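The structure presented is a predicted model; accordingly, all values stated were derived computationally and were not measured.
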Amino acid sequence: MSITLPGPTLGVVGGGQLGRMLAEAASPLGVDVVVLDPTPECPASGVARDQIVADFDDPEGIRELAARVDALTFEIELADPDVLAAAGAEHDVPVQPDPATLETIQDKLVQTEALADAGIPVPEFAAVATAEGLERVVEEFGGVMLKARRGGYDGRGNVPVHEPAEAADALADVGGDAMAERFVDFEREIAVMGLKGADGATRTYPVTETIHREEILRESVAPAPADDEVIARAEAVAEDVLDFLDGRGVYGIELFETREGDVLVNEIAPRPHNSGHWTIEGTRTSQFENHVRAVLGWPLGPTDLVAPAVTANVLGDTDGSRPATLRGVETVLDAPDASLHWYGKDEARPLRKMGHLTLTDATADPESAARDALLSRARELRDGLTFRET
């Protein structure tokens, strides 16, 4: 392959923070980005070359995007795989990852069934469509995490159900047909950012611990404080997932480490993922740059760790919606080993992801208590930021 600069133009369906960071990573490579998003002046619009204002599944908007770019990808699972495939074929533009993979991933039940059929370890699960059916599953499993089959993220669409009497309300909360998953007695939640390139080669980033509260990711710690056998299992499961899925790009593979040291797949995202934001500072080639490279069919960059890293998400801490003014930023800027990322959202809402900060320490032993100290410092810096008036 002969690559020249200026480079091609990449079309991205979705213009949120992931689209913004994809555009930031593409620019040094000489790659322009055009995003499609229904929100005028979406977060990515301040970085991308242009924005098409249209719904994620709008056929006319997707066709316009395909006509203007050399390759298509997506940063949100609300994109329509059939529309993407048709637009790509009409304009002879590659769509990566494969729209068929997106179709499998969009439905959590279909995703989990497909993984189980491929022999990839997943928690015990069942399809549920009625309150009576959910009651039976709750009794059998002794409690479940009920997941909406489509559209759930950041805690939305996930409802814990401990007693059969909670079934009807829980099913109504997720909107009907759902997947019930047996509660996993996990030691920790972990994630692997996997990568598929043009030549079929796969790579993985270091296994990362992901720390959630209220089903929302709060911090990511790399490398994960798991023993070598668990790390090896997680990497092997991630490789199996990459072999199973079709299409180039980055895949966020969320996992459970059980108390017994087993590794189970929780969910997969066929795109860069919040769990991998630390790679911007913690590796030679971030998940965003490698996604751009992979989608374009370019050589992949190295994924090895250059420094232990902790990312802390900056969430909306207001009681309601208000214009987004983040206070206390100087404390992060004063920290020499901290990097702050602002997502460009105009409105702060409770628990909305507004940005993140990452701390790195190239002198720290990845296996030492320095990692815990890094996590404590990241939390302290993050907790000093607020959208409330002081």
Step-by-step ring-ring contact (aromatic ring centres under 6.0 Å, His included) determination, His277 to Phe288: CA-CA 9 Å; His277 289 356; Phe288 298 101; 5.5 Å; yes
Pair Asp317, Thr386: side-chain N/O donor-acceptor within cut-off below 3.5 Å: yes
4.5 Å side-chain heavy-atom contact, Val237 and Pro121: yes
Pro308 side chain near Arg371 side chain, heavy-atom distance below 4.5 Å: no
Side-chain touch Leu115/Ile268, heavy atoms, less than 4.5 angstrom: yes
Side-chain H-bond candidate by donor/acceptor type, Gln96 with Lys196, under 3.5 Å: no
Shortest non-hydrogen contact between Lys345 and Pro43, atoms and distance: CG-CG, 3.8 Å
Residues Glu239 and Thr202: side-chain donor-acceptor under 3.5 angstrom: yes
Verify same cluster id: Val250, Phe244 (apolar side-chain graph, 4.5 Å): no
ILVMFWY cluster membership beyond Phe183 - transitive side-chain contacts under 4.5 angstrom: Met145
All salt bridge (charged side-chain N to carboxylate O under 4.0 Å, His left out) counterparts of Asp337, not counting sequence neighbours: Arg377
Working for salt bridge (charged side-chain N to carboxylate O under 4.0 Å, His left out), residues Glu140 and Arg136: CA-CA 6 Å; Glu140 179 184 353; Arg136 290 193 294 270; over 6 Å; no
Joint cluster assignment, Val31 & Met21, ILVMFWY side-chain distance < 4.5 Å: yes
Non-hydrogen side-chain atoms of Leu78 and Asp57 separated by less than 4.5 Å: no
Partner residues of Glu24 under the salt bridge (charged side-chain N to carboxylate O under 4.0 Å, His left out) criterion, sequence neighbours left out: Arg20
With sequence neighbours excluded, residues passing salt bridge (charged side-chain N to carboxylate O under 4.0 Å, His left out) with Arg63: none
side-chain contact (heavy atoms from CB on, under 4.5 Å) partners for Leu109, two or more places apart: Asp107, Glu113, Phe125, Ala127, Arg149, Met179
Same cluster (ILVMFWY, side-chain, under 4.5 Å), Leu296 and Leu18: yes
Thr360: partners by side-chain contact (heavy atoms from CB on, under 4.5 Å), with sequence neighbours left out: Glu281, Ala307, Ala309, Thr358
